[in-house]
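First the structure, in the form of structure tokens, and then the observations on it.
Worth saying up front: this structure is predicted, and the values here are computed from it rather than measured.
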Amino acid sequence: MNGTSAHDFPAFGELVEAAHADPKLRQLYVFSSHWTLGFSSCTGFPFRVEVAIAPSRNDGLYLVMEHPHSIVIGETTTAEEAVAAAASRLPTGLGPAVAGTADRDE
């Protein structure tokens, strides 16, 4: 993490807390990569990423993305707004994360 700790990056901690408070995101498998939280509907790698969120270090915005480090689909000014935006993008009826990987035959 480039020598930066979570203590030095409070926006990431705020994101983790806000995501944990949301029931839709809390039921998914969460993973982090380079200060980005990804939310998967399966527990094994490769993940089936449903949405990802990252705090921006430069302008104070939170970025909602299709996948970690990919196309930005929304920007918000607070962690809570980012979580709400991410949760609203989840497919209707998406249940808790299931054991397995995205490669698993459905």
Any side-chain heavy-atom pair from [X] and [Y] closer than 4.5 angstrom?
| X | Y | result |
| --- | --- | --- |
| Pro68 | Val49 | yes |
| Thr36 | Met65 | yes |
| Val83 | Leu15 | yes |

> When Tyr62 is tested against each of Glu81, Glu75, Glu14 for side chain to side chain donor-acceptor pair (under 3.5 Å), which residue passes?
Replying inline: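 Running side chain to side chain donor-acceptor pair (under 3.5 Å) over Glu81, Glu75, Glu14 with Tyr62 returns exactly one hit, Glu14.
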> Do Leu61 and Ile73 sit in the same hydrophobic cluster, where Ile, Leu, Val, Met, Phe, Trp and Tyr count as joined when their side-chain heavy atoms come under 4.5 Å apart?
Replying inline: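 No, it is not one cluster - the side chains of Leu61 and Ile73 are not joined through contacts under 4.5 Å.
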> Any donor and acceptor pair, going by atom type alone, linking the side chain of Ser40 with main-chain N or O of Arg48 inside 3.5 Å?
Replying inline: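 Between the backbone of Arg48 and the side chain of Ser40 there is a qualifying donor-acceptor contact (under 3.5 Å).
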>> Can a donor-acceptor pair be found, under 3.5 Å and without considering hydrogens, that links the side chain of Gln27 to the backbone of Leu94?
In response: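 At least one qualifying donor-acceptor pair exists.
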Atom pair [atom1] ([X]) and [atom2] ([Y]), whose distance is rounded to the nearest 0.5 Å:
| X | Y | atom1 | atom2 | result |
| --- | --- | --- | --- | --- |
| Leu28 | Arg26 | CG | CZ | 11.0 Å |
| Ile53 | Leu25 | CD1 | CG | 5.5 Å |
| Phe31 | Leu37 | CZ | CG | 9.0 Å |

>> Other residues, nucleotides and ligands only: do more than 12 of their heavy atoms fall within 6.0 Å of NE2 on His69?
In response: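 Yes, NE2 of His69 has more than 12 neighbouring heavy atoms, counting only those of other groups under 6.0 Å.
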>> I'd like to know whether CZ of Arg89 has more than 12 heavy-atom contacts from other residues, nucleotides or ligands below 6.0 angstrom.
In response: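 Incorrect, the count does not exceed 12.
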> Minimum heavy-atom separation for Pro46 to Cys42, with atom names?
Replying inline: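 Heavy atoms only, the tightest pair is O-SG, 4.0 Å.
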> How far apart are the closest heavy atoms of Ala99 and Thr43, and which atoms are they?
Replying inline: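 Distance-wise, the nearest heavy atoms are CA-OG1, 3.3 Å.
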> Between Phe39 and Tyr29, does the ring centre distance come in under 6.0 Å?
Replying inline: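 That pair fails the under 6.0 Å test.
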